[in-house]
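Fair warning: this is a prediction, and the values are worked out from it, not measured in the lab. Residue indices begin at 1 and follow the sequence shown.
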Amino acid sequence: MTRGSSKLAFWLFAFVSQLKLGPVCAERRQPSARPLQAAAWGHDVAPSASTVILLQVTSRRTSTEGSSMLALLPACVVVAIGAAVVFAVLRPYLKGKESAKIALAAGLVAHHMEGILFTYILTDALTLSKAFDEDAHFSGLLLGVHKMGTASGSFVLWCAMQHNSETWRAGRPIFRSAATLQLIGVTAFTMFSCGMFALPHSTALHFMLLARFITGLGGGMMIFLTLTLFGHMLPTEDRSAWNVTFFLAGVSGLGVGPLLAACVRQANMFLGIPAQHMLSSVLLALPLLPLMQIPSLVFYPSLADVVDESVPLSVSSTQDARLQGVVVLLCVAMQVFRNLSISSLEAGVSLILERELLWSPVAGGIAISAVVSSVITANWLYRALARQPYIHSAHDPPSLSRRSMTPATRPSWEF
């Protein structure tokens with residue numbers, strides 16, 4: 001699997017490097033013609049028209065290929081650092097050969113990556129929409145369809161588990177298949193948004209939306225799988241700690257996405273990428289971001305022999321069963337409204353910063369990242385003031401305290 005992952009990374013990098021930088025879509029339809037003077041040739045007679053066209057195309061292609069390779073440098077650095085961090089997260093559990101904890105830690109990383117892929121295009125969504133002669137409504141659609149895919153991926157896996165309650169034991173093929181869907185989605189989105197295919201605008205827009213949906217589909221499958229594993233592979237007293245860390249991993253991903261886009265844009269400006277190619281240079285980095293999960297894909301364990309820690313619910317009466325159902329539905333509704341609120345606020349703030357306050361995408365990405373990531377700072381502050389490792393009620397049993405958790409059961413890393 002290690003050799004396969006290395007080959008996948010190599011071929012994806014080779015493929016992305018072949019994508020040509022250039023003005024996105026609408027701007028590309030107006031090719032710039034640079035007149036060549038006969039004096040530049042050192043001859044008295046000007047070259048033929050066919051020779052001029054050939055040399056213009058060759059010159060633009062050479063320049064664009066060089067810019068494409070240069071634009072990939074920041075993304076490669078980000079992926080290398082991210083993969084190293086992911087390996088550091090998994091390493092404590094790899095040493096102890098704890099299959100359950102390796103799978104759970106990989107799920108935390110996947111939730112973080114889902115947030116990154118969702119918000120990476122946040123500050124560039126409006127610019128991309130204008131390049132396709134669309135307005136702010138389409139930029140919101142680009143963001144929203146991703147989360148529709150996330151919900152669909154969770155629903156698909158839920159249906160599979162309703163059919164077979166032991167589906168979670170096939171966690172490794174499910175996780176790797178979902179990551180493949182993510183990779184296919186982001187690569188297709190970059191290809192169609194950068195105009196790799198000569199398609200009508202309406203067709204390209206539909207394929208872009210489909211690619212975003214597929215990306216969210218893979219993320220939703222990994223998120224639902226990990227949440228299911230919490231119930232099957234963790235003792236009851238340890239689930240609170242892992243759930244809080246899981247939540248904060250996802251929220252931090254929402255903040256890291258715009259920050260990564262801002263860093264890639266700033267690095268490309270430093271490298272001298274032309275302004276008219278900046279949007280496509282930022283989009284070229286998108287297919288490489290899921291490669292940060294390669295350590296998770298390589299070391300994800302088989303769950304066939306993992307001990308099932310789940311405890312059957314004891315329902316004493318029909319009324320208790322109904323009350324439990326109401327509680328579950330209210331929790332689902334809370335999750336839906338929370339996601340709607342966060343997504344709407346992020347998209348709205350991005351539009352206000354860009355259209356009303358005229359902020360640059362770099363400044364907007366950093367600002368949104370700081371605001372979204374403030375929940376982690378608030379959690380740190382709460383824990384410092386309350387002298388408790390995790391957020392929980394004062395009426396919770398002592399078993400939820402980190403002091404009562406053994407090093408083997410609590411997360412080896414936490415926010």
Side-chain angles (χ1 to χ4, degrees), residues 5-6 8-17 19 68-69 71-87 89 106-125 128 142-143 146-147 149-150 175-176 178-194 208 211-223 249-268 278-298 361 365 368-369 372-373:
S5 300
S6 301
L8 174 64
F10 172 78
W11 286 113
L12 181 63
F13 175 80
F15 170 77
V16 174
S17 65
L19 295 178
S68 298
M69 294 297 294
L72 288 176
L73 287 179
C76 291
V77 172
V78 169
V79 170
I81 295 174
V85 172
V86 171
F87 180 77
V89 170
L108 297 180
V109 172
H111 195 199
H112 185 76
M113 178 55 62
E114 159 67 14
I116 291 176
L117 297 180
F118 171 54
T119 57
Y120 182 80
I121 68 166
L122 181 63
T123 55
D124 294 303
L128 182 60
L142 275 178
L143 297 171
H146 180 107
K147 281 303 179 184
T150 303
F175 191 88
R176 290 175 177 173
T180 303
L181 284 177
Q182 275 189 333
L183 195 59
I184 292 173
V186 292
T187 304
F189 179 79
T190 300
M191 291 167 59
F192 290 110
S193 61
C194 289
M208 288 167 60
R212 288 284 289 175
F213 181 87
I214 292 174
T215 304
L217 190 71
M221 291 174 63
M222 289 191 282
I223 289 173
V251 173
S252 64
L254 297 176
V256 171
L259 181 62
L260 284 182
C263 291
V264 170
R265 180 180 290 271
Q266 191 64 35
N268 286 336
M278 192 56 63
L279 178 57
S280 58
S281 70
V282 174
L283 293 175
L284 280 181
L286 185 58
L288 299 180
L289 297 182
L291 296 181
M292 287 189 279
Q293 298 181 104
I294 283 182
S296 298
L297 299 175
V298 171
I368 293 174
S369 174
V372 175
S373 301

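Side chains of H146 and I121 form no contact here, defined as non-hydrogen atoms less than 4.5 Å apart. Put simply, the side chain of L260 reaches to within 4.5 Å of the side chain of V78, judged on heavy atoms. Side-chain atoms of M208 and L128, non-hydrogen and from C-beta on, do get closer than 4.5 Å to each other. No side-chain heavy atom of T215 sits under 4.5 Å from any side-chain heavy atom of E114. Side chains of F189 and L283 form a contact here, defined as non-hydrogen atoms less than 4.5 Å apart.
Between the OG1 atom of T123 and the CG atom of L259 there is a distance of 10.5 Å, given to the nearest 0.5 Å. Note: M292 CE to I81 CD1 = 10.0 Å, rounded to the nearest 0.5 Å. Taking CG of L117 as the start and CG of L254 as the end, the distance is 11.0 Å to the nearest 0.5 Å. If you take CG on L297 and CZ on R176, they are separated by 7.0 Å, rounding to the nearest 0.5 Å. Separation of atoms CG (L142) and CZ (F213) is listed at 14.5 Å; rounding is to 0.5 Å. Distance CG/L217 to CE/M222: 10.0 Å, rounded to 0.5 Å.
Sorted by first then second residue, the side chain to side chain donor-acceptor pair (under 3.5 Å) pairs that include residues 283-297, not counting sequence neighbours, are Q182-Q293.
Across all their heavy atoms, A261 and D124 have their closest contact at CB-OD2, 4.5 Å. Scanning all heavy atoms of the two residues, the minimum distance from L122 to P258 falls at CD2-CG, 4.1 Å. Pairing each heavy atom of G253 with each of T119, the nearest pair is O-OG1, 3.7 Å. Residues I214 and L181 come closest through the heavy atom pair CG2-O, 3.4 Å. When all heavy atoms of F118 and L143 are compared, the pair lying nearest together is CE1-O, 3.1 Å. Residue A75 comes nearest to A285 through the heavy atom pair CB-CB, 3.4 Å, listed as atom of the first residue, atom of the second, then distance.
Looking at H112 and S252, their side chains do bring a donor and an acceptor atom within 3.5 Å of each other.
In this view, I184 and T180 satisfy the side chain to side chain contact (heavy atoms under 4.5 Å, CB included) rule, not counting sequence neighbours.
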Between I116 and L289, does a side chain to side chain contact (heavy atoms under 4.5 Å, CB included) hold up when you go through it step by step? CA-CA 9 Å; I116 291 176; L289 297 182; 4.2 Å; yes

